[in-house]
Amino acid sequence: MEKYVEVFKQQYPFTMLTESQYDRVFTDATVKSYKKNQFIFHEDEKEEESDIYFVLNGLAKNILHRSNGKQLSIRYYYPGDLVGIMIMLTSGEMKFSVQALEETKAIRFKRERFVEIMSENQAFSNIVLEGISNLMKSLYHEVKYKTSELDDSSYDRDLFKQRVVSYSETPTTIHHNASVTEAVKKMKDEKAGGLIVCGDDQELIGVFNYQDLILAYLQQDFNGRIEEYLNEEPYAVNDQDFIYDALSYLKHNPAAIIPVLHKQQVVGLLRQTSFLKMQNSIYFDLRYQIGKANSLEELTSLSPRYNRAFQQFVAQLLDDNMFAYDICELISSYNDELHKQILHLAEEDMVEEGYGTPPINYCFIVMGSEGRKEQAFSTDQDNGMILDDYEHLENKDEIDTFFKIFTEKVNYMLETCGFPLCSGGIMAKEQKWRKSLQQWHTSIQEWLDKMDAEEIRDFTIFMDFRPIVGDFSLAYDLREFVTQKIKRSLTLQQLLMKDTLRFRVPVQPFGRIHGTGRSKVLNLKKGAIMQIVNAVRIYTIKYGIDDVNTIKRLDTLRKHERFHPRDTENAKLALHRLLSFRLKRNLQQIQLQETLNNDISVMSLSKEEKKILRESLLIAKRLQQVLELSYNRNRVV
């Protein structure tokens, strides 16, 4: 440590310290080394236990943990950067981790000593906070940009096409020349979580919230003007905008206050509680309860399989003629929330049992229909895990043990919540589906080189993977790798076609539907839905399209003129109708306390329902025939 002490006396901003302050800030400071992918600190650490770090060499990244389970890399730390100040300033409002990207060495300062020196030395404090303040101003734009790329809330576009003006509340405003002290008093008197800052003509200047207040407090700047602490471009909506835009933003920024404008003037505000009077608020209420659930029993009662309110909500959407594929997307997103909370509870269990927090970054992925966001009520688990590369670490065996125990907990918790264990073993607790990123790369290459008829089925499920919790960059890397590999594999495409032709669409050219038994039972999933899904998937593979959801795949194929618009709309209509039958049948099975499956009796349908089913099957059959012709000609469509 001694060799660093003298060097630091010449390093800005430590040159601003007195000799006494310099000695105190280095009291109990230590030099720490971190290997690639190790956490310098993790968001699960208690706030009072976090310290301040000065990077000596190497490279690290800051990871913002979102309430929806996603992780975003907000910035990198280079030699000479201070780490930990931003975490302190957010006062728990945001959750951060910092992870080494390569061999990294840092000096760890005791947090209380560092803050003590900052409070004593205003010049030193201003220099430190200036850099952090600029970073926090850009953080809003960075998060907004990245979350817009990751936004997966399109499922509710029909549900929430209502105007902002219907939900706007009376704004709590303050003039931009007001002082911090005046802002604090107004927030206290009005019991407001933040203030909308306006100009002389009630035009929007910004939003002042608790985060800004903390920054002012640390600088002891109570008489300063609040406009000095505002984001340059606050997020706002117009009163005639669709409510969906505001809901999407609040989904990722739950503590936010959104100004509502009319001709550039502030006329209202929106926050999460603004939507309590929404007609379909049961969905938001249930999602909120999931996020607050502290036990597996609570989560089980909220799962689609066991929650009557959610089932009634879905039934109402079907009665309102909402597209069934949008409803399935909504169910899948709801299931995502359950998965995220289960992973959170499993992490807490690991800590309580003495295993600690995750030693490296991971990404939990879902596959199959959940990956495509096409879930109904009858489903089992298809999931896996991508781990950051860790084979080079000395504690790799401990890491293996941690994630083996962790994933077993997750899979069995999901089973309790109504997601049966996968009969084919496609679950994160199995070694085959839990690997480091490099191991996944190797396995995929081996898969493609040695693929057989049996393994193609597992690979078909895997190809539709989607990240829901953890470091999404791991999944994006894997997706890019898979897309490029399978695009060039003609053998794989032919194997996929052969596999999908195993199940024939049970309808004759003139429309006679085949079913088994006296009641003519038809498996909707194997007999029709998967024929559409598989056909569309094969086309997207050929053209290097990396969308996962079938409707998005169809839209992309049409956009790139690979599917005729009429064929696209026919496929979407057929999928909507088939999924409607499946959802209605599942709801009926739940009500009758029957085993959930994808079977439907043709004899139980009305004349009109049979006509709709027949037309949908003929569309699926046409897609299958196109694939078969291509396969028989020994070429790829």
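Note that these values count all heavy atoms, side chains included, but never hydrogens, waters or copies made by symmetry. The structure presented is a predicted model; accordingly, all values stated were derived computationally and were not measured.
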Give the intermediate values and the outcome of side chain to side chain contact (heavy atoms under 4.5 Å, CB included) for residues Val237 and Leu270.
CA-CA 9 Å; Val237 293; Leu270 292 174; 4.1 Å; yes
Heavy-atom closest pair, residues [X] and [Y]:
{"X": "Ile532", "Y": "Ala574", "result": "CD1-CB, 3.9 Å"}
{"X": "Val505", "Y": "Leu617", "result": "CG1-O, 3.3 Å"}
{"X": "Ala528", "Y": "Leu578", "result": "CB-CD1, 3.7 Å"}
{"X": "Ser332", "Y": "Ser369", "result": "OG-O, 4.4 Å"}
{"X": "Lys340", "Y": "Ile468", "result": "CE-O, 3.4 Å"}
{"X": "Arg434", "Y": "Leu387", "result": "CG-CD1, 4.5 Å"}

More than 12 heavy atoms from other groups under 6.0 Å of [atom1] on [X]:
{"X": "Arg518", "atom1": "CZ", "answer": "no"}
{"X": "Lys610", "atom1": "NZ", "answer": "yes"}
{"X": "Phe459", "atom1": "CZ", "answer": "yes"}
{"X": "Lys559", "atom1": "NZ", "answer": "no"}

Quick test of your reading of the model: are Asp567 and Arg558 salt-bridged, counting only N-O distances below 4.0 Å?
no
Give a yes or no on whether a salt bridge exists between Arg553 and Asp464, defined as a side-chain N under 4.0 angstrom from a carboxylate O.
yes
Give the C-alpha distance, both sets of side-chain angles, the deciding distance and a yes or no for side chain to side chain contact (heavy atoms under 4.5 Å, CB included) between Leu522 and Asp599.
CA-CA 5 Å; Leu522 167 69; Asp599 293 340; over 6 Å; no
Does a side chain donor of either [X] or [Y] reach within less than 3.5 Å of an acceptor in the other side chain?
{"X": "Ser378", "Y": "Asn597", "value": "no"}
{"X": "Glu374", "Y": "Thr550", "value": "yes"}
{"X": "Asn411", "Y": "Asn383", "value": "yes"}
{"X": "Asp326", "Y": "His576", "value": "no"}
{"X": "Gln588", "Y": "Arg585", "value": "yes"}

Return each pair, listed once, that meets side chain to side chain donor-acceptor pair (under 3.5 Å) where at least one residue sits in residues 478-487; pairs must be two or more places apart or across chains.
Gln445-Lys485
Residue pair Gln589, Asn586: steps toward the side chain to side chain donor-acceptor pair (under 3.5 Å) verdict
CA-CA 5 Å; Gln589 290 168 335; Asn586 281 173; 3.2 Å; yes
After noting the C-alpha distance and the side-chain angles of Asp458 and Trp433, does the key distance pass the side chain to side chain contact (heavy atoms under 4.5 Å, CB included) rule?
CA-CA 10 Å; Asp458 287 352; Trp433 302 100; 4.0 Å; yes
Centroid-to-centroid, Trp440 to Phe481, below 6.0 Å?
no
What do the steps show when you test Ser601 against Lys520 for side chain to side chain donor-acceptor pair (under 3.5 Å), and what is the final call?
CA-CA 6 Å; Ser601 169; Lys520 291 187 176 181; over 6 Å; no
NE2 (His339) and CD1 (Ile290) are apart, to the nearest 0.5 Å, by 11.0 Å
With a cut-off of 3.5 Å and sequence neighbours excluded, list every side-chain donor-acceptor pair involving residues 300-307.
residue : atom : partner : partner atom : Å
Thr300  : OG1  : Leu296  : O            : 2.8
Ser301  : OG   : Glu298  : O            : 2.6
Ser303  : OG   : Thr300  : O            : 3.0
Ser303  : OG   : Cys417  : O            : 3.0
Asn307  : OD1  : Ala309  : N            : 3.2
Asn307  : OD1  : Phe310  : N            : 2.8
Asn307  : ND2  : Ser301  : O            : 3.0

